Structure formats: C-alpha cells, structure tokens
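Read the structure below first, then the notes.
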Amino acid sequence: MPRLRKPFFNRSVHEVAPELIGARLLFRDVGGVIVEVEAYHHTDPAAHSYGGQTQRNAVMFGPPGYAYVYRSYGIHWCVNFVCEPAGSASAVLIRALEPTEGLAAMQRRRHTKDVRFLCSGPGRLTEALGITHAQNGCALDAAPFELHAREEAIDVVSGLRIGITKAVELPWRYGLRGSRFLSKPFKV
DNA sequence: TATGAGATCAACT
DNA sequence: GTTGATCTCATAC
C-alpha cells in the first residue's frame, strides 16, 4: 500500500480532495479511513487564507504536504492538509474518519464506546486521534503521521460544505457514498 | 426529529 | 467587542 508523499499534495485541491476519500490516516497508530473532506481555496471567501497571510494561517501559505491545525469556536481543533505549490494557500479539511485502528485509545479520549461517533466530525476526529496545535506545521509523510493511498475503487460523492456562512453554494465537500461515519449525510 | 443555548479562545475589526 | 470550517446537552413537538 503506497504511502502518500508530498508530491501527491502538490496539485489542485479539487483533485486531491476526492482522492483522499478512502485513504487511511493514522496518528501514532490510531486512526482509520477518511470518509469526508472539504476543499478550501485562497480565492474562496470561506477559506481562512482568503484575506491574506496571518499568524494563524501561515502554514497554509507554506509548501504542500503539511498539517494546518487551528482552534475552532474556542473549543475544538480542526486539521487540514495543505495542497498546491507554496503560496497558493489551499487546503483540505478532514471532516470524518471510519475508525479502524486504536479503537480503545479513541474511545477513552472521546468518552464514548460508540464507534459511530468517534470520528464523525472535524472536532471529534482530532479529539479521538489526539491531534492539537502541537501538530500545526507537521509533515504528513513522516511520524507521527501515516497516510496510505486507497487500494480499491470507491464511490465518491460531492455536495455543499457544512458549518460555514460564506460561499455556502460551492459543492466542495466530498464523501464516501453511503458511509455510516459521515458527519452528516449527503443530499441525494 | 428538531431547534436552541452554552462552552471558550484567538484572530481580527 | 465580535465572530467562527463545532459539539453536546436540554427542551419541545
């Protein structure tokens, strides 16, 4: 199973995002299969990088293949994969995983046994994996991260993004069709 | 099932 | 001082 390296991310977010569906993400041997992501581009009013570089979003303006982690609503951490050549400030938000490895660790951190709710949402999956701002700027192709390309053909659906107030109409959310582990179902 | 409030913080105006 | 790329719990229907 090939590991995803930096060149994989050095392409348009719109190519990378759907290809991440079905890939396996591990952080310190805990994680699972990516079933939901959203693409953010610097020309997109909903993106953190839209208004230019700041201290918070600096990693988005760096080279591809790194993690951008930010605080959401003062409570959660959310993790993005930086894409496209350095300076284009585009990234893919990881929104949900199907938990496959390290179940016990995730259940302990999330205070629930129900696998359905371990990683089905951007804030939930960082809590389950133990990802925090300490991982901001971390390379994705080196420990403690491990990212493997998907092996089989799968059915990817796209739809409108969630939880944002700007550029709501852009269909830049991608998911694994029919997965039980999505943060919300896709509209048919 | 659906809606609503509260938690809590760093960036930005 | 305001605002979120969110989640959980409570209350209502």
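Quick note: numbers below take in every heavy atom, side chains included, and nothing from hydrogens, waters or symmetry partners. The chains referred to below are lettered A, B, ... by the order of the sequence lines, with proteins before strands, and numbering in each begins at 1. This is a predicted model, so every value here is computed, not measured.
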**Study point:** Mutual orientation of the aromatic rings belonging to A:H133 and A:W77 [parallel < 30°, tilted 30-60°, perpendicular > 60°]
**Key:** parallel

Review point. Do A:R11 and A:E84 sit within salt-bridge range, that is, some charged N less than 4.0 Å from a carboxylate O?
Key: no

Review point. Can the positive tip of A:R161 be found less than 6.0 Å from the middle of the six-membered ring of A:Y174, inside 45° of the ring normal?
Key: no

Point to revise | Check ion pair A:E146-A:R28 (N to O, under 4.0 angstrom) | key: no

Check your understanding: Using a heavy-atom distance cut-off of less than 4.0 Å, which residues of residues 62-73 of chain A contact DNA chain C?
Key -> A:Y70, A:S72, A:Y73

Practice item. Calculate, to the nearest 0.5 Å, the distance between atoms CG and CD belonging to A:L125 and A:E98 respectively. Key: 13.5 Å

Review point. Within the structure shown, what part of the strands sits under 4.0 Å from A:S183 by heavy-atom distance: base, sugar-phosphate, or nothing?
Key: nothing

Review point. Taking the P atom of each, how far is C:dA5 from B:dT13, in whole Å?
Key: 14 Å

Check your understanding: Are A:E127 and A:R109 ion-paired here, with the side-chain N under 4.0 Å from a carboxylate O?
Key -> no

Exercise for review: Could you check whether A:G123 gets within reach of a base, just the sugar-phosphate, or nothing at all, counting any heavy atom under 4.0 Å?
Suggested key: sugar-phosphate

**Study point:** Electrostatic pair A:R3:A:D141 at N-O distance under 4.0 angstrom
**Key:** no

Review point. Can you tell me if the side-chain N/O atoms of A:T165 get under 4.0 Å from OP1 or OP2 in C:dG4?
Key: yes

Check your understanding: Looking at A:H76, does any N or O in its side chain come under 4.0 Å of the phosphate oxygens OP1/OP2 on C:dC7?
Key -> no

Exercise for review: Mind listing the residues from residues 83-117 of chain A sitting with a heavy atom below 4.0 Å of DNA chain C? Number order is fine.
Suggested key: A:L93, A:R95, A:R110

Check your understanding: Using a cut-off of 4.0 Å on non-hydrogen atoms, how would the nucleic acid contact of A:N57 be classed: base, sugar-phosphate, or nothing?
Key -> nothing

Exercise for review: Anything below 3.5 Å on both distances counts as a pair; with that, list the stems of at least three consecutive Watson-Crick or G-U pairs involving DNA chain B.
Suggested key: B:1-7 with C:6-12, B:9-12 with C:1-4

Check your understanding: A:F27 vs A:F145 aromatic rings, parallel, tilted or perpendicular, using cut-offs 30° and 60°?
Key -> tilted

